[in-house]
Amino acid sequence: MSARPVLRVLTGATASGKTARALDWAEWHGAEIVSCDSLLFYRGMDIGTAKPTRAELARVPHHLVDIVEPCERYDVQRYVAEARAAVDEIAARGRPVLVVGGSGFYLRSFFAPMSDGIEVDPTLRAQLEARLKDDGIESLVAELHALNPAGLGALDLQNPRRVVRALERCRASGRALAELAAEFAAKPSAFTDFDVRLARLECEPAELERRIAARVQAMLAAGLVDEVRRLDAAGLRENPSAARAIGYREVLDVLDGKLRADELEAAIVRNTRALVKKQRTWFRSQLPPHRVLAASDTAAELFGE
RNA sequence: GGCCCGGUAGCUCAGUUGGUAGAGCAGAGGACUGAAAAUCCUCGUGUCCCCGGUUCGAUUCCGGGCUGGGCCA
């Protein structure tokens with residue numbers, strides 16, 4: 001039917017072997033890689049994020065890696081715009097695009113609308129954050145009820161972040177949540193003009209466990225603690241999402257004396273495991289049906305073509 | 001050898017003025033519109049170290065034992 005250009009997306013849990021497979025595939029097909037990893041954006045966050053090495057980055061052109069300072073905030077809205085620009089640029093060169101990453105929320109950018117386009121004044125957000133802190137979430141929920149007599153739908157009223165977001169949208173747009181939600185749901189994804197093909201690497205649990213253990217050990221040996229010290233001095237903590245990244249938050253805890261140094265490695269492994277579990281849930285329930293292939297099956301073509 | 005403090009959920013611990021117990025972490029499941037490796041929700045029966053005693057009733061009190069730590073020899 002259509003001659004829409006193809007956009008290939010490779011995902012999988014952390015440590016499942018995406019990087020190696022993606023590099024091989026991209027090299028073989030003359031493709032360029034667009035990262036879909038919420039932490040590879042940050043310069044200097046190398047060891048703890050298992051960022052591809054300099055040599056690996058040199059094998060295939062990469063996009064959306066090392067694009068902001070760790071102290072700078074980044075968000076999906078910006079990701080959608082920059083990913084779209086990168087994809088267009090690569091397509092203009094006539095080369096295939098391979099999106100690679102395990103950040104589920106960002107990954108959804110390729111399948112669904114991600115932002116409603118409502119501009120929220122930073123002062124308003126700061127105001128609501130302050131109110132959340134002083135008066136509690138109930139105060140915000142009460143106002144939401146007042147602004148939405150028809151109900152709050154499926155909004156999680158116990159999740160401060162969601163409540164602030166919902167209220168700031170009502171206030172900024174002067175409209176009701178239900179109305180905004182309906183409008184949002186009707187929006188197209190930023191990549192509807194592409195034939196998006198998704199494949200996911202699945203690593204056997206015991207093997208993944210081994211890989212995680214080995215990876216964490218290697219990260220510490222490679223100087224993760226020093227990396228975090230450097231980043232801390234450069235303002236890492238100003239960016240909560242970067243400072244809360246696995247491998248980074250635990251080292252910060254050690255530096256703060258909140259975690260014993262001899263417990264560091266085990267803590268990182270534990271939290272990585274929790275991440276894998278969360279990714280699994282997301283992949284199951286939030287991604288469209290897709291091709292799944294065993295990470296051990298290195299002979300298989302990623303996209304079954 | 002003596003004295004002191006512990007022994008409760010996989011781990012760290014709280015608690016029961018005697019009526020068989022609960023938090024955090026871990027684990028399992030889930031939600032997901034702008035921080036997403038984030039944020040939030042649901043799920044807790046375990047010889048309360050063992051043996052005796054007192055008691056209607058002991059994980060709780062008493063005695064003994066075992067065991068970990070500290071102090072003194």
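Naming convention: chains lettered A, B, ... in sequence-line order (proteins, then strands); numbering from 1 in each chain. Below, each value reflects all heavy atoms present in this structure, side chains not excepted, and no hydrogens, waters or symmetry copies.
Under a hydrophobic-cluster definition in which Ile, Leu, Val, Met, Phe, Trp and Tyr are linked whenever side-chain heavy atoms come within less than 4.5 Å, directly or via other members, I137(A) and L157(A) are assigned to the same cluster.
Side-chain proximity of S103(A) to A37(B), A36(B), A31(B): nearest is A37(B). Residue V76(A) places its side chain closer to G34(B) than to any other of A37(B), A36(B), G34(B). Nearest nucleotide to the side chain of Q286(A), out of C32(B), U39(B), A35(B): C32(B).
Screening residues 151-166 of chain A for side chain to side chain donor-acceptor pair (under 3.5 Å) gives R165(A)-E168(A) as the qualifying pairs, with residues at least two apart or on separate chains.
Taking atom C1' on both nucleotides, U12(B) is separated from G7(B) by 14 Å, rounded to a whole Å. As rounded to the nearest Å, A14(B) and G24(B) have C1' atoms that lie 10 Å from one another. Between U20(B) and A9(B), the distance separating the two C1' atoms is 15 Å to the nearest Å. Rounded to whole Å, the C1' atom of A31(B) lies 49 Å from the corresponding atom of G70(B). The gap from the C1' atom of G10(B) to that of U45(B) amounts to 15 Å, rounded to the nearest Å. Taking atom P on both G57(B) and C25(B), the two are 40 Å apart, rounded to the nearest angstrom. Straight-line distance between the C1' atoms of U60(B) and U8(B): roughly 11 Å, to the nearest whole Å. Using C1' as the reference atom, A23(B) and G2(B) are 38 Å apart when rounded to the nearest Å.
When ring centroids are compared, F105(A) and Y79(A) stay outside the 6.0 Å threshold.
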Output one line per pair: protein atom, nucleotide atom from nucleotides 26-29 of chain B, and distance, for all N/O pairs under 3.5 Å.
residue, atom, partner, partner atom, Å
G29(B), OP2, K277(A), NZ, 2.8
G29(B), N7, K277(A), NZ, 3.2

Would E72(A) and E238(A) count as a side chain to side chain contact (heavy atoms under 4.5 Å, CB included) here? Give the steps. CA-CA 8 Å; E72(A) 190 184 340; E238(A) 288 162 38; over 6 Å; no
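Going from atom CZ of R165(A) over to atom C1' of U33(B) covers 9 Å, rounded to whole Å.
In the region residues 174-185 of chain A, proximity to RNA chain B at under 4.0 angstrom, judged on heavy atoms, holds for L180(A), A181(A), F184(A). For RNA chain B, the residues of residues 135-161 of chain A within the heavy-atom distance limit of 4.0 Å (strictly under) are D156(A), Q158(A), N159(A), P160(A), R161(A), sorted by number. Listed by residue number, the members of residues 65-74 of chain A with any heavy atom below 4.0 angstrom from RNA chain B are Y74(A). RNA chain B is contacted by S115(A), D116(A), G117(A), I118(A) of residues 109-118 of chain A, taking any non-hydrogen atom closer than 4.0 Å.
Ion pairing between a basic and an acidic side chain is recognised when a charged N comes within 4.0 Å of a carboxylate O; E89(A) and R93(A) show such pairing.
When each of S285(A) and G102(A) is assigned the nucleotide of RNA chain B bearing its nearest heavy atom, the one mapping closer to the 5' terminus is S285(A).
The shortest distance between the side-chain N/O atoms of S38(A) and the OP1/OP2 oxygens of A37(B) is below 4.0 Å. Checking the phosphate oxygens (OP1, OP2) of A38(B), a side-chain nitrogen or oxygen of R249(A) falls inside 4.0 Å.
Taking the ring axis of F191(A) as reference, the NZ or CZ atom of R84(A) stays within 45° of it and closer than 6.0 Å to the ring centre.
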